[in-house]
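Below is one structure, written out as structure tokens; the observations come after it.
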Number of protein chains: 2
Amino acid sequence: MAKPNIPDIVVSRLPLYLQTLNHLLREGEEVVSSDELSEKVGIPAVQIRKDLSFFGGFGVKGKGYDIIHLIDNLRSILNLNQIWPMVIVGVGNLGQALIRYQGFARQGFEIVLALDINPNIIGTEIAGIVVQDVETMDTALRSSDIRIALLTVPANAAQSTADALVAHGIKAILNYAPIILKLPEGVRVANIDPVLKLEHLTYYLS
Amino acid sequence: MAKPNIPDIVVSRLPLYLQTLNHLLREGEEVVSSDELSEKVGIPAVQIRKDLSFFGGFGVKGKGYDIIHLIDNLRSILNLNQIWPMVIVGVGNLGQALIRYQGFARQGFEIVLALDINPNIIGTEIAGIVVQDVETMDTALRSSDIRIALLTVPANAAQSTADALVAHGIKAILNYAPIILKLPEGVRVANIDPVLKLEHLTYYLS
DNA sequence: TAGATTGTTAATCGATTAACAATC
DNA sequence: TAGATTGTTAATCGATTAACAATC
């Protein structure tokens, strides 16, 4: 249902605006101008206004934006007015840390299923989640409404695991494995690879 | 000394090329055409050639690119012909997972110093690293050649911690805290925020 | 040589920014 | 009303892509 005509790069900035608006709200602010928001978020005011105008006119001329109102609208645009249940596959160091991370639930993303292949890890409980055998993916996912997966398996297992997840109805994957996944149209992938970011940084370190 | 005229977006793709070339090398390949690389990396062949041409002519017409030769060149461009020592500040769940993560060292990034504020964590050893009191940042960094920091402290401590790191000579920060850091010119920041990525993904989940 | 593929110039496309009218 | 600030149109800028000459 996402309007197909809105540039993805615009969409990618909305979560950033939302994050900053939430900060402002917590600080007790009620109204913010695009100039003030620009200062906080590090994006030109005119670009913020242009981005928002793709979705509607949320501001008041001469005043600025009502923070609560704008947050509501952004949450609605980004489909955040619901809890998103997630599966995590791969419960190693990183997987465990992500299961324990409070930041997901705080924003409405809840890890409800954890899968691993290692018999020593299967059956252990982490932050209230009992790790299941990855073999049970079929049954576990079939009876659920999970559409998002966190992929934290070793690189050499990532593609086949992703394929299996997609075969079982997963529509979005946050991929922590350092490889480029090939997936069918209609499945969204976002990659998190700190090494790539570091290599980008070192380019600028003389 | 990085040529200042090369678009950052071009630089940001080089690590991706390097990653894929390393895969190909491990698979025993010796030469790759921009078409084949394009297929693997998901970026148009013409764009790969254009990107590379900013730095030189690394290919052979009619043949393609010698993989080892291109890897060498990319590593040199990205300043990867050295070990980059790093400090990590914040040894919670995520920090511990990152200290244990093998992927950094494998690519020449080595966490050599871990700092935390929590007395229960200070003094503990993780993957061979003894966690130090963050109060010792001054002495620890002064006598080192560490220029890169991983920032894994809680959001409310991130800005002040980043300021302290910069005051002690850190030039690049990989920021895992869900806030936008304000730092002086000349300090590079890259952000890793899975929640922002998830919120971007859910836009497309009807 | 013919075929394949690079590297580069020029054209296109899309995103950012400037200018400003609208209006609270 | 005057001042502030949005939302939008038009101009600019920069990145991607197409076309193709060069050449291994």
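We name chains A, B, ... by the order of the sequence lines, and we start the count at 1 in each one.
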OP1 or OP2 of [N] sitting under 4.0 Å from any side-chain N/O of [X]?
X: B:Ser34; N: C:dT5; value: no
X: A:Tyr65; N: D:dA4; value: no
X: B:Arg13; N: D:dT16; value: yes

*Answer whether the closest heavy-atom distance between the side chains of A:Leu151 and A:Leu165 falls below 4.5 Å.*
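Yes, close enough: below the 4.5 Å cut-off.
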Euclidean distance, atom [atom1] of residue [X] to atom [atom2] of [N] [Å, nearest integer]:
X: B:Glu39; N: C:dT5; atom1: CD; atom2: P; value: 14 Å
X: B:Lys63; N: C:dA2; atom1: NZ; atom2: P; value: 18 Å
X: B:Asp35; N: C:dG3; atom1: CG; atom2: P; value: 18 Å
X: A:Ile9; N: D:dA15; atom1: CD1; atom2: P; value: 11 Å
X: B:Leu70; N: C:dT6; atom1: CG; atom2: C1'; value: 13 Å
X: B:Phe55; N: C:dT8; atom1: CZ; atom2: C1'; value: 16 Å
X: A:Leu37; N: D:dT6; atom1: CG; atom2: C1'; value: 13 Å
X: B:Lys50; N: C:dT9; atom1: NZ; atom2: C1'; value: 9 Å

Nearest of [options] to any side-chain atom of [X]?
X: B:Pro44; options: C:dT16, C:dA18, D:dT17; value: D:dT17
X: B:Gln47; options: C:dA18, D:dT17, D:dT5; value: D:dT17
X: A:Pro7; options: C:dA15, C:dA18, C:dT5; value: C:dA15

*Between A:Lys61 and A:Asp8, just flag the one whose closest nucleotide in DNA chain C comes earlier from the 5' side.*
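The residue closer to the strand's 5' end, by nearest nucleotide, is A:Asp8.
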*For DNA chain C, whose closest nucleotide is more 5', that of A:Gly62 or that of A:Arg49?*
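Nearest-nucleotide comparison on DNA chain C picks A:Arg49.
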*Watson-Crick or G-U wobble partner for D:dA10, using a 3.5 Å limit on both distances?*
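The base-pairing partner of D:dA10, which may sit in any strand shown, is C:dT17.
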_Complementary nucleotide for C:dT23 - Watson-Crick or wobble, under 3.5 Å_ =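 D:dA4 - that is the nucleotide pairing with C:dT23, both distances being under 3.5 Å.
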*Supply the atom-to-atom distance A:Tyr101 OH to A:Leu150 CG, rounded to the nearest 0.5 angstrom.*
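Result: 12.0 Å between the selected atoms.
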*Taking all non-hydrogen atoms of both residues into account, name the closest pair between A:Val91 and A:Asp116 and its distance.*
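Where A:Val91 meets A:Asp116 most closely, the heavy atoms are N-OD2, 2.6 Å.
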*Do B:Tyr176 and B:Asp193 get their side chains close enough for a donor-acceptor pair, meaning under 3.5 Å?*
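Short answer, no.
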*Side chain of B:Thr161, backbone of B:Ala157: donor and acceptor closer than 3.5 Å?*
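Answer holds: yes.
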